[in-house]
Engineer: 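A single structure is presented below for examination.
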Amino acid sequence: MLREFAPPELYIHPVDHYSNSASSAPFVLHRSNQGCQSNVSSQIVCTSSLSWIPPQSTNLTEKTLLPTSFREAYGQYKYLIEEEVSDLPSKFQNIVEQYLLCKDLETHAEAYCIVCGIGLDLYNYIGSQLITILSEYGNVLEATRLFYRLHDPDAFAWGAFISGYTSNGQENLAINLYYQMIQTNVEPNSHIFRVVLKACANALALLDGWEIHSHIIFSDRDSNIFVCSALLDMYMKCHRLEDARGVFEDMPEHDSVTWSTLLAGYASQDLGHEVLDLFCQMKKGGISPTPVTFISVLKACSSISSLEEGQITHSSLIEHGYEDNIYLGNSLIDMYSKCGLFEHAQIVFNRLHVRDVGSWNAMIGSCALHGRLDEGIYLFEKMQDEGVKPMIITYVNVLKAIADGAALDVGRTVHSSAIMDGIESDVFVGSMLVHVYVHCGSLEEAYAIFNNIPSPNAVTWGTIICGYAEHGLGTEALLLSKKMQENGVEIDQGLLVAVLKASESSSCLTQGQSFHALAVEWDMQHDELVGNALISMYATCGNLDDAINLFNKRPHRSTMAWNALISGLASQSPDYVHGREALTAFWQMIQVVQPNEITYMSILKVCSNLCALNQGNMIHAHLIEGGLRWELKVGNALIAMYLKCGNLEYASCVANTLPSWDIVTFNTVIEGFGRSGLVKQALHLFDEMLRNNIEPNDSTFISILSACSHDGLVEKGHEFFELMKLHGIGPKIDHYDLMVDLIGRAGYLNEAEDFLETMPLTTDFVGWMAMLTHCNRLVNVDIGRRSFSVLVKMDPSNASSYVLMSNLYADAGMLEDAEKLDNIRKSTNGAIKKPGKAFIEIGNKVHEFSVGCRGQDLSGPVYAKLQELRSQLKQNGYKPHINMAQGRSSKEEESMLWEHCEKIAIAFGLINTAEGSTLRVSKNLRVCSDCHDATKAISKVEKREIFIVDTYRVHHFVGGQCSCQDCY
DNA sequence: CTAGGGTTAG
């Protein structure tokens, strides 16, 4: 296939051409570090008007004798013409050659003009060299013009031309030129083959590579060591190990370069062991390694994380006297870093006599890998102080460190310096910036960056979609996923993981299934990460069968796969639908693989949700048994679990053994104390936290505000609400909702309503629900009605607002209104009450109960116990909370109350545990007022301590009283 | 005419 190429230009007389080229400066430079092209053109202009001084010497055969200026040489040339010396161009050629060998811009420019001026550029040899030089300066256009002025380009000229296109990133045009050359009957020589194979290697043009390989065999040059090296390299770059190996085996001899080419190929495909094997063979064959060989060997050591091999290689390269090679220094930094020895990387870096940008990149990359944010930033600044300009990869590395350290402020600083360098919209830098802002929780800034990247790739899309999904903005994540598909982004594994997370985060099974189909279409469903994301998505979206099916089909079940299953099952909060399955899976998992901190965090969360203290205890014991020094995160999860189960002693035991407390520890304990009604202690901890110089974050204020709310501390709540602003934290909707709850709980309904209506954010369902709850409690029909109408507009399908309002009417004696509302709920909008569920752990088993326990295999004794309690409690002053609105008899109503899942769970617990032992029940909704009163009475009659943990707080019942003091 | 292989990577 030949493509139309630029037609040859007409031959222009040298003198005419001279004036032409003077106006169109040929050295339009793209090289970043060479700046002053204005001098060049001015010089070109004055060149033409100079009068030439006759030379001092006419001995032009002396190659070493280089005139001080090219103009002087031109004078010699004129002199030679006058003297009518024969073989003139070849004499002048020597001078041209000398000049072209100098690598400075001004000489080149000057020589170029003069050479063109006298027509020497039309000689193949000089023309070829000029083409090479022009290409080096990135001026492909002028190189092309020059090439087409040549009368009869030879292979050398074609070679220069083809190689110029290759080095300027136009490999496909370069390959076409090769075919064009064959058509003009120029026989390709080994130089041409090398040059065109290089183009194929860069462009990964395997088909052309194969074709050219056949030309090479045909032309009998397949034993040329240079040609074979190029072939080898081409096959390696195209990932054709077999073909490359074939070329290598068939070669008549191997030298250090062919070996290095082979090793580099294996190293680039992360085949570390193969590289090390081949390296041994190479040495056995008596070939001495070069610095380039060592680069591949070091890369191999890091790819197999073998510090031992790395150190052997290090001493070996010192023996060979390559210690000061900068490439090797940089590779050593990388090797030590990837083999886990950050300090060694630092030593190598500090010992480098000369540092290039690669040295800084390797060291900053090492900081990023080892979480050394401060050092990374320091180096990033220092390199610039030393005049080394950061590259894209430098930014990528330093931003990675910043993202891992969630250092928002530093992130912004580096961001602005990326803007100064004009690369903030580069797709690599931009993707990393998106990642930084996502990881720091600033999604607005992340999205702004994302929007600014002209051609986002799969990674960019994946980062922003994951960002939204992981911050609970599933709907937004899904919208972006669809936009991504419309934009026709090429799908990769990471992107599939992202869109599956988006589906998971928005609990959208149908979307998840369609992305599953997409994964199958791209044949990526077997990829480890995609597979795990699928399992997690199905488990989270409640499709247990598919989750387990996919999990069982996995040939190899890694810790990650188990985590996907367990965290998926665990994440069904607040319904805890599959919490019990998650526990089963966990105990199976530890038989076969080692859990990690993610496993423990998910499973401890399950124990918290189910109030499964025994299970939690066993997992704690398992952790201690494993002898692992667990991460703070796991410690925090343990504390949270014990607090949620109402076991403050164990919680404080764990808290006291932690070597240090981080912000999560403080937040967890403050939240837990508040939940258990230990508000004074929670407030005290907040002060303690400040004294420890730990800056509170927005979660801290969630915890502290809800603690205030639990104790009705309105004043304190307002104080904290103002304090958070002083700490630079803008209150979010959750904080406003908590304030509404706090003010309402204290009985100031009007103030609470004012607060809602004047807040600067858009109100949400939670806030108005808090409002209606307190109206209900204080029987305020007026405000209650207004709240209800807002709630119905927001979410007509949510039954909880109807139920609350109906109860409010009933309590206010407005039975007709109550009944009307119930009928509307049942008939028109189909709003369904969320089914209540209660869990109780007996021994090591967690039992689940729902209202009326339909479908539960309950033995007679539980009902017998319920009947017994019913009559016992009545004698002890318990009055059933009968809602008169339902149109049923009070007897029926009372029976229904005794079908509540909390009561069944308690009855089940009472008959299945020893007398006097503590019961712990968890509830997926708030405990109802009737069950609350009944449990108070049960705790007295049965002489039991009972905990009911609901979504709001820990209720601790002892001797007829509850720790919440009926404030719930 | 001359020659090849390469560090840092979302």
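Just so it is clear: chains get the letters A, B, ... in the order the sequence lines come, proteins before strands, and each one is counted from 1. Scope of the values below: all heavy atoms of this structure, side chains included, with no hydrogens, waters or symmetry mates. Since we're looking at a predicted model, the values are computed, not measured.
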Engineer: By the definition ring pair (Phe, Tyr, Trp, His ring centres under 6.0 Å), identify the one residue from A/Trp158, A/Tyr165, A/Phe156 that meets it with A/Phe147.
Structural biologist: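 When A/Trp158, A/Tyr165, A/Phe156 are each tested with A/Phe147, the ring pair (Phe, Tyr, Trp, His ring centres under 6.0 Å) holds only for A/Trp158.
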Engineer: Measure the distance from CG on A/Leu317 to C1' on B/dT7 and round it to the nearest whole Å.
Structural biologist: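 Rounded to the whole Å, the gap is 13 Å.
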Engineer: Which of residues 330-365 of chain A sit near DNA chain B, with a heavy atom under 4.0 Å from it?
Structural biologist: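 Correct list: A/Asn330, A/Ser331, A/Asp334, A/Lys338, A/Gly358, A/Asn361.
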Engineer: Not counting sequence neighbours, list each pair that qualifies as a ring-ring contact (aromatic ring centres under 6.0 Å, His included) and has a residue in residues 356-401 of chain A.
Structural biologist: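 As it turns out, the ring-ring contact (aromatic ring centres under 6.0 Å, His included) pairs with a partner in residues 356-401 of chain A, which skip direct neighbours, are A/Phe342-A/His370, A/Phe349-A/Trp360, A/Phe380-A/Tyr395.
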Engineer: Looking at A/His314 versus A/Tyr336, is the centre-to-centre ring distance below 6.0 Å?
Structural biologist: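 Yes, they do, as the ring centres are separated by less than 6.0 Å.
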Engineer: Touch check for A/Ser296, heavy atoms < 4.0 angstrom, all strands: base, sugar-phosphate only, or nothing?
Structural biologist: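 Nothing, no heavy atom under 4.0 Å.
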Engineer: With a 4.0 Å limit, can you tell me whether A/Lys198 has a side-chain N or O closer than that to the phosphate oxygens OP1/OP2 of B/dG5?
Structural biologist: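 For B/dG5, OP1 or OP2 has a side-chain N or O of A/Lys198 closer than 4.0 Å.
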Engineer: Can you tell me the distance, in whole Å, between the CZ atom of A/Phe161 and the C1' atom of B/dC1?
Structural biologist: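 Roughly 20 Å, once rounded to whole Å.
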Engineer: Taking only the side-chain heavy atoms of A/Arg194 (C-beta and beyond), determine which of B/dG5, B/dG4, B/dC1 contains the nearest atom.
Structural biologist: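 Output: B/dG4.
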Engineer: Is the shortest distance from a Lys or Arg side-chain nitrogen in A/Arg372 or A/Glu343 to a carboxylate oxygen in the other one below 4.0 Å?
Structural biologist: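 Yes.
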Engineer: If you measure from the Lys or Arg side-chain nitrogens to the Asp or Glu carboxylate oxygens, is any gap between A/Glu323 and A/Arg351 under 4.0 Å?
Structural biologist: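 Answer for the salt bridge query: no.
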Engineer: Are the side chain of A/Thr132 and the backbone N or O of A/Ser128 linked by a donor-acceptor pair below 3.5 Å?
Structural biologist: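 Such a contact is found between A/Thr132 side chain and A/Ser128 backbone.
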Engineer: Of all the nucleotides listed (B/dT7, B/dA3, B/dG5), which has the minimum atom distance to the side chain of A/Phe226?
Structural biologist: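 Of all the options, the side chain of A/Phe226 is nearest to B/dA3.
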Engineer: Rounded to the nearest 0.5 Å, what separation is found between the OG atom of A/Ser431 and the CZ atom of A/Phe450?
Structural biologist: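 It comes to 9.0 Å.
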Engineer: With a 6.0 Å cut-off on the ring centroids, do A/His215 and A/Tyr178 count as close?
Structural biologist: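 A/His215 vs A/Tyr178: aromatic centres under 6.0 Å.
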Engineer: Heavy atoms under 4.0 Å, any strand shown: does A/Thr261 hit a base, just sugar-phosphate, or nothing?
Structural biologist: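 Sugar-phosphate contact only - A/Thr261 comes under 4.0 Å of backbone atoms but never of a base.
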Engineer: Could you state the OH-P distance from A/Tyr266 to B/dG5, rounded to the nearest angstrom?
Structural biologist: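 Checked: the OH to P distance equals 18 Å.
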Engineer: Within the 4.0 Å heavy-atom criterion, would you say A/Thr290 contacts the bases, only the backbone, or no part of the nucleic acid?
Structural biologist: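 Counting heavy atoms under 4.0 Å across all strands, the contact made by A/Thr290 includes a base.
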Engineer: By nearest atom, which of the nucleotides B/dG5, B/dT7, B/dG4 is closest to the A/Thr258 side chain?
Structural biologist: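 The answer is B/dG4.
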Engineer: What nucleotide among B/dG4, B/dA9, B/dG5 has an atom nearest to a side-chain atom of A/Ile393?
Structural biologist: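 For the A/Ile393 side chain, the nearest candidate turns out to be B/dA9.
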Engineer: Check this for me: does any side-chain nitrogen of one of A/Lys400 and A/Asp404 sit under 4.0 Å from a carboxylate oxygen of the other?
Structural biologist: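 Answer for the salt bridge query: no.
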Engineer: Using a cut-off of strictly less than 4.0 Å between a heavy atom of the residue and any atom of DNA chain B, enumerate the qualifying residues of residues 394-404 of chain A by number.
Structural biologist: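 A/Val396, A/Asn397, A/Lys400, in order of number.
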Engineer: Checking all strands, does A/Ile392 fall into the base, sugar-phosphate, or nothing category for heavy-atom contacts under 4.0 angstrom?
Structural biologist: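 Nothing: the residue A/Ile392, judged by heavy atoms under 4.0 Å, touches no strand.
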Engineer: Taking CG from A/Leu197 and P from B/dG5, how many angstroms apart are they, rounded to a whole number?
Structural biologist: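 Computing the A/Leu197:CG to B/dG5:P distance gives 11 Å.
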Engineer: Can you tell me how far C1' of B/dG4 sits from CZ of A/Phe248, to the nearest Å?
Structural biologist: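 The answer, rounded to whole Å, is 14 Å.
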Engineer: Of the candidate nucleotides B/dG4, B/dC1, B/dT7, which contains the atom at the shortest distance from the side chain of A/Phe156?
Structural biologist: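 My answer, after comparing the listed nucleotides, is B/dC1.
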Engineer: Can you check the A/Leu263 CG to B/dT7 P distance for me, whole Å?
Structural biologist: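 The answer, rounded to whole Å, is 13 Å.
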Engineer: Please round to the nearest 0.5 Å and tell me the distance separating atom SG of A/Cys238 and atom CH2 of A/Trp210.
Structural biologist: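 Here the interatomic distance stands at 8.5 Å.
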Engineer: Give the rounded distance in Å between these two atoms: CG of A/Asn224 and P of B/dT2.
Structural biologist: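 The answer, rounded to whole Å, is 15 Å.
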Engineer: Would you mind telling me which of B/dT8, B/dG5, B/dC1 lies closest to the side-chain atoms of A/Lys299?
Structural biologist: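 In terms of side-chain proximity for A/Lys299, the closest of B/dT8, B/dG5, B/dC1 is B/dT8.
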Engineer: Between B/dG5 atom P and A/Leu231 atom CG, what is the distance in whole Å?
Structural biologist: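 The distance from CG of A/Leu231 to P of B/dG5 comes to 12 Å, rounded to the nearest Å.
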